[in-house]
Amino acid sequence: MDKRDFTAIEKRQKTIRNFSIIAHIDHGKSTLADRILELTKSITAREMREQLLDSMDLERERGITIKLNAVEIAYEHKDGNTYIFHLIDTPGHVDFTYEVSRSLAACEGALLVVDAAQGIEAQTLANVYLALDNDLEILPVINKIDLPSADIGKVKDDIEDVIGLDASDAILASAKEGKGIEEILDQVIAKIPAPQGNPRAPLKALVFDSIYDPYRGVIPSIRVIEGTIGKGDIIQMMANGVTYEVSEVGVTTPKQVKRDYLGPGDVGYLVASIKSVENVRVGDTITHKDNPALSALPGYRTLNPMVFCGLFPIDSNRYNELREALERLKLNDASLIFEAENSQALGFGFRSGFLGMLHMEIIQERLEREFNIELIATAPSVIYHVYMNNGTMRVIDNPSDMPDNQNIDRIEEPFVDATIMCPKEYVGNIMELCQNKRGHFKNMQYLGDYRVQLTYDLPLLEIVYDFFDKLKSSSKGYASLDYELKGYKQSNLVKMDILINNEIVDALSTIVHRDFAYKRGKYITEKLKEIIPRQMFEVPVQASIGNRIIARSTIRAMRKNVLSKCYGGDISRKKKLLEKQKEGKKRMKTVGSVEVPQEAFLSVLSIDE
Amino acid sequence: MYALYIHIPFCSRICSYCDFVKEVAGEDKKDAYTEALCHEIVHHKAEYGELRTIHLGGGTPSSLSLDNLHKILGTLTSHIDITGLKEFGVECNPADITPVFARLLSHHGVNRISLGAQTFNDKHLRTLNRDHDGRTIREAVRILKDAGFINISIDLLFALPEQTTEELLNDLEAALALKIPHISYYSLILEPGTRLHTLYKKGTLELLDEDTESEMYLQLIDTLTGAGYGHYEISNFARPGHESSHNSAVWEDRDYRGLGAAAHSKLANRRHYNEKRAKDYITQVEKSGRPTHYDYPYEEPRDYLLMGLRLLSGIDLAAFEKRFSKPLLILYPELARKVEEGLLEIADGHLRFTKAGLLLGNEIFALL
């Protein structure tokens, strides 16, 4: 501790700029981040990969950022000083508001990147408000000015009218062509304040992310607010009092580079042989054991999961592996929750909660790809408030737990405040869509001459199904959506069961609005008939509400499956065909005596209804 | 050794459903192949003592010139004592059967001809890209009978694209009218790489549904067994005593030696196949006297069961236990469950398919 040169720390502190980038998906945020890394020579050509900050395969494939990433950049400015930038990347999807709020809390400023051809989207707006809540300096950047359809004047009006920011200094950029990048860096230096914070004060460092390294344990990403932290320090987690000895601190450039210590404004990592994920919560404050800070930093607002589904390993022996994998993912994703679930149809698995559909899909894909666990996911559900005849209320997130209809007084479901922005020519389509999805119209507002903002009360259940896809297809992809949970309202909901071979398959039960029950029941039974291969016997597929069968289809018995061809002495051909058949069976789950393929469990998610 | 198989990988044209190793080749290549094949036949002459069957298949053996056929059959008969043979068979294209051809085969001791008839329906024959019509088949059988052949078999296909039940019944009637002792009746299977498969993928060819196909299969079983043919293998029917010895060698897990390009052999507990391409086969034999052998596994008792269960007589439980030192149903308890489900039955000390099981053979085979 006494070796730390506070004068040098304070000098360095003045040169630090911490900022993140707020942008809608596709508006060019990751490309912009790459250009900044390039211009500041943070990475060599060899290290340069497209969209470097998006390091997960999944992110690169989908072209989106899921997990935030932080890098340190040294930039020699023409004023003769070297500045230190910490660029903290943020996700742009509605499901990941939580991650955005985490990165914003570690910054003093943000670049607001708006596509010159598309203007501001609903989700961007939400994130700008988050940034304003965090008192960040916001620098508007109009990106993709190289596009023929770019309309800079319109986008500037957008920024001023819709957000209320001064757009006169907005930077015109094309990340793709490397235009405007230097001006961005100039403005970052000039307008974003250097971090405050006294290096001599007791340590306060915010944990905003963490990764797991099999050799070095949990490695938290931290932003030092006050004080210093270095090798040999004994630190304490303020939430639970657990202490560790720091064995290494450093920064990410994006490689990990060791430092003797980190001071106020620094963004880096620390290694302290932390074995338990549980003890280092994202949002917690780290301080010194011997000279603790009086109070912890505000931390984060934790978002509650809104969408639930069951995750079951196809191979039931891999239940424990699945639990470990979920624990690993939860390490830096506090919004993911799970608890053991036992399904009659699918065996042991986990009821898991997510922020939204994309979050759910991404977790499923990561489990399958990074942990190689083949999964069956049941249809997503929201949380219902079920009021019983005896006056009690039950919270149900799994349709198969829904009590008997005759004991229920009423069911309430979550509604969201949905904000949809779209070019005016699609308003009709979108209003029709919202109507079909049981939406209550609230408001319509013109944003300038071309764009319209619609607000609706919508049942979250409908959004969880296929609302987003439908929204995109009815607006040629131009409409954007943001929503916030509003509260619960009574709805005429019923539990619909699916019976395969006269047995209820709990994993296929769903909650539906009574008016849509027949249609959905018909659709699902027909769909299952297509998906489930013929069995050795005839299999009825039925949809029921209580004891009443509302739809039925019949999977006819398998009639003929025999190799009648003569392959002469070449027995290997025969075997290959049989192997194929066996492979197919492995991916099925036996429910009762019927072999049901994985995708059947998602058929209740009726996309093409 | 029990059986000898000779592969002739040439055809005069390519059928739209066939994925066996074959090609349309010029006479020079066929001459060179004949040369190499005779070489390989001689190479293995020490093995032929106990031989019970010889079978020439393909491809189309009858697409060879009479000279080449004469050479091959002559080489065989000069190294094998054919008086001990139970069966000496050749696969033929109906259009290739002429009196001269028939006399040549008969002269060398060939006693069984199987004709690639496929169907008697001219429209379907065109779909299959065959070079004969229904009349050619009848004519070929007449010529063979005139030449003294009794043991004649035809290969037929059902579940052809757009085939109706009536057309199937017509084929059955035409087949019975030939008064021959053996009929193989296969369902059309689309194999990748064939013309029909390509058409199907493009969506211009529609296949029969599973229900129609199974009805057709049951229909042809009823008709043929009703006419006195024994249903002795999933796809094979014979008058008593005329079951194919060559095919039975494979089903009964006996040893066989395959000669020629792409021919498969099973010798003791080892399997291999010869170099597949005729061109390379010729070069290799010219260079080192025999083609390259590629080994692949013989799995015991799986192979024994996969083949043996195809026979309607089934697996002799006592023989199985004796050979593998464990009762079959102890080794494969899943099979006992299939007995309960009615797909298999145990009768006369044999485990065999029931009629229901016959239609769903792969459900059983997949358990092995």
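Judged purely by distance below 3.5 Å, without hydrogens or angles, the side chains of E91(B) and H55(B) pair a donor atom with an acceptor atom.
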request  = Show the numbers, then the answer: is there a side chain to side chain donor-acceptor pair (under 3.5 Å) between Y2(B) and E252(B)?
outcome  = CA-CA 11 Å; Y2(B) 188 90; E252(B) 289 165 7; 4.9 Å; no
message = Is there a side-chain contact (heavy atoms from CB on, under 4.5 Å) between V339(B) and L351(B)? Walk through the geometry before answering.
response = CA-CA 9 Å; V339(B) 174; L351(B) 179 74; 3.8 Å; yes
key: Derivation of the side chain to side chain donor-acceptor pair (under 3.5 Å) call for H182(B) and R112(B)   = CA-CA 10 Å; H182(B) 192 278; R112(B) 185 175 190 271; 3.3 Å; yes
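Heavy-atom distances place no part of L157(B) under 4.5 Å from chain A, backbone and side chain included. Of the atoms belonging to E299(B), heavy atoms from both backbone and side chain fall under 4.5 Å from chain A. Of the two parts of Y273(B), neither the backbone nor the side chain holds a non-hydrogen atom closer than 4.5 Å to a non-hydrogen atom of chain A. Within the 4.5 angstrom heavy-atom criterion, no atom of F353(B) approaches chain A.
If you tally non-hydrogen atom pairs under 4.5 Å between each of R271(B), E233(B), E341(B), H7(B) and chain A, the highest count goes to R271(B). Ranked by heavy-atom pairs under 4.5 Å with chain A, the list I234(B), L306(B), D303(B) is led by D303(B). The most heavy-atom pairs under 4.5 Å with chain A, out of G57(B), A262(B), S214(B), come from S214(B).
Of all residues in residues 360-368 of chain B, those placing a non-hydrogen atom less than 4.5 angstrom from a non-hydrogen atom of chain A are L360(B), G361(B), N362(B), E363(B), F365(B), A366(B), L368(B).
With sequence neighbours excluded, the residues that form a side chain to side chain contact (heavy atoms under 4.5 Å, CB included) with S475(A) are Y426(A), I430(A), A479(A). Not a single ring-ring contact (aromatic ring centres under 6.0 Å, His included) links H197(B) to another residue, sequence neighbours left out.
S248(B) contributes atom OG, which lies 5.5 Å from atom OH of Y232(B) (distance to the nearest 0.5 angstrom).
Listed by first and then second residue, the salt bridge (charged side-chain N to carboxylate O under 4.0 Å, His left out) pairs that reach into residues 549-562 of chain A are R556(A)-D211(B), R559(A)-D211(B), R559(A)-E215(B), K560(A)-E213(B), sequence neighbours excluded.
In this pair, H231(B) and Y217(B) present their aromatic rings perpendicular. The plane angle is above 60°, beyond the 30 to 60° band.
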